[in-house]
Every structure is written in C-alpha cells, then in structure tokens.
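Everything on this sheet refers to the single structure shown next.
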Amino acid sequence: MNLALWIGAALLAAVALAGGTTKTFMPQEKLAAAPGGGWTAHVSPVFLRTLGVLELLAAAGLILPAVLDIAPALVPVTAVCWILLMIGAMITHGRLGEARFVVLNVVYLVLAVFIAWGRFGPETFTG
C-alpha cells in the first residue's frame, strides 16, 4: 500500500509539475491554442500564472515533505487541495464541452482521493 501511495503521489506530482510549468512560463496565447487550453483565453494573466504557481507548489507538496521528513502531514493536505483544484477544472472543462478533459480530471481527482485517504489513514507518515 505504501508503495502504491508513493507511485500515485509521484504520478500526480509529475502532472502538477507539467501543468504548473506550462501555466507559469508558456505564453497565454500559446496555451489558449493548445487542446484543452481554450479556457485560458478567458482568464487574466495573473490568475493563470497564480494557478501555475499553485500547481508547482502542489508538485512539491506531494513529494518533498515526506522525502525530507519535514511536516509530512502536508502530503495528504496537498492531495485534498488537488481534489478541490480538480473540481474546479472539471467544472471549467465541462462548461466548455470538453468531456475528455473532464474525464482526465476525474482520474487525477480519484488518484488524489487515494493519496489523501491513504496518508490520512492506513499509511500515515506519523504512525
């Protein structure tokens, strides 16, 4: 179970790192033209960059607290924050009729639920 949680956290961290990097550093016009990125044309650059930075922090929060053994309880807290972020992403993509991205966000949400459940429950870092 512990190994599955580590693998899940690593996968989700990779997703967060990729998404955060593109939202933080890629020009907004290029993001808006990418598949699934149409929503970025309707938000302010500050919102987009802030969301990117939050995703970068999520990538770090899913891995570093446990690896460094500094406040490892932040791992499941980060997973809960990711759940909230995915709910917003599902709503956004749903409004634009992008069903395949809604499904992808559901997969990320389920993975985050697994991590939160596992790290708050049976495989906590404090036990």
Side-chain angles (χ1 to χ4, degrees):
M1 170 75 96
N2 187 47
L3 179 60
L5 288 165
W6 273 107
I7 291 169
L11 290 172
L12 207 54
V15 168
L17 183 63
T21 300
T22 58
K23 288 177 189 79
T24 303
F25 300 109
M26 189 178 285
Q28 190 167 0
E29 299 77 28
K30 190 171 180 180
L31 279 172
W39 66 272
T40 61
H42 308 290
V43 299
S44 74
V46 171
F47 176 80
L48 184 61
R49 302 301 177 231
T50 301
L51 188 58
V53 169
L54 289 174
E55 289 186 20
L56 292 172
L57 290 172
L62 287 164
I63 301 295
L64 293 181
V67 169
L68 300 175
D69 197 25
I70 300 173
L74 288 178
V75 171
V77 171
T78 303
V80 170
C81 292
W82 189 263
I83 291 166
L84 297 173
L85 186 67
M86 288 302 99
I87 291 170
M90 290 184 306
I91 291 168
T92 300
H93 288 294
R95 286 183 178 164
L96 295 173
E98 299 173 334
R100 68 180 183 162
F101 292 105
V102 172
V103 171
L104 188 59
N105 294 140
V106 168
V107 171
Y108 298 151
L109 181 140
V110 168
L111 189 54
V113 166
F114 172 66
I115 294 164
W117 168 80
R119 292 305 182 197
F120 274 132
E123 290 290 336
T124 181
F125 289 115
T126 59

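FYI, side chains are in, hydrogens and waters are out, and symmetry mates aren't considered; it's all heavy atoms of this structure. Remember, predicted model here, so these are calculated numbers, not experimental data. Count residues from 1 along the sequence.
- Closest approach of P122 and M1 over heavy atoms only: CG-CE, 4.2 Å.
- Two different hydrophobic clusters hold F25 and L54 under the rule that ILVMFWY side chains link at heavy-atom gaps under 4.5 Å.
- Residues L56 and T24 share a closest heavy-atom pair of CD1-OG1, 3.7 Å.
- In this structure, L12 CG and L17 CG are separated by 11.5 Å, a value rounded to the nearest 0.5 Å.
- Residues K23 and T50 fail the side-chain proximity criterion, which asks for heavy atoms closer than 4.5 Å.
- Following chains of ILVMFWY side-chain contacts shorter than 4.5 Å, one can reach L104 starting from L111, so the two form part of one hydrophobic cluster.
- As a member of the Ile/Leu/Val/Met/Phe/Trp/Tyr network built from side-chain separations under 4.5 Å, V80 groups with V77, F120.
- At a threshold of 4.5 Å between non-hydrogen side-chain atoms, the residues P65 and I70 do not count as touching.
- F47 and I87 end up in the same hydrophobic cluster when Ile, Leu, Val, Met, Phe, Trp and Tyr side chains are linked at under 4.5 Å.
- Without hydrogens or angle criteria, Q28 side chain to T40 main chain gives a donor-acceptor distance under 3.5 Å.
- A single hydrophobic cluster is not seen to contain both V110 and V107; linkage of ILVMFWY side chains at heavy-atom distances under 4.5 Å, directly or through other members, places them apart.
- Side chains of R119 and N2: a donor on one and an acceptor on the other come within 3.5 Å.
- Shortest non-hydrogen contact noted between A9 and L62 is CB-O, 3.8 Å.
- Here the closest heavy-atom approach between residue I115 and residue L5 is recorded as CA-CD2, 3.8 Å.
- Annotation for A13 and A59: closest pair O-CB, 3.4 Å, computed over non-hydrogen atoms.
- One distance of note links SG of C81 with CE of M86; it measures 11.5 Å at 0.5 Å rounding.
- Of the possible polar contacts, one joining the T22 side chain to the G19 backbone as a donor-acceptor pair under 3.5 Å is found.
- Under the side chain to side chain contact (heavy atoms under 4.5 Å, CB included) criterion, T92 pairs with W39, not counting sequence neighbours.
- Taking CD of E98 as the reference point, atom CE of M90 lies at 14.0 Å (rounded to 0.5 Å).
- Residue pairs meeting the side-chain hydrogen bond (donor to acceptor under 3.5 Å, both in side chains) criterion with at least one partner in residues 61-86, sequence neighbours excluded, are absent.
- Contact annotation: the side chain of P76 never approaches that of W117 to less than 4.5 Å [non-hydrogen atoms, C-beta and beyond].
- Contact annotation: the side chain of L85 approaches that of L51 to within less than 4.5 Å [non-hydrogen atoms, C-beta and beyond].
- In terms of heavy atoms, P35 sits closest to R100 at CB-NH2, 3.7 Å.
- Residue V102 is grouped with residue I83 when hydrophobic side chains (ILVMFWY) are merged at heavy-atom distances under 4.5 angstrom, including chains of intermediate members.
- Residues V67 and W6 meet the side-chain proximity criterion, which asks for heavy atoms closer than 4.5 Å.
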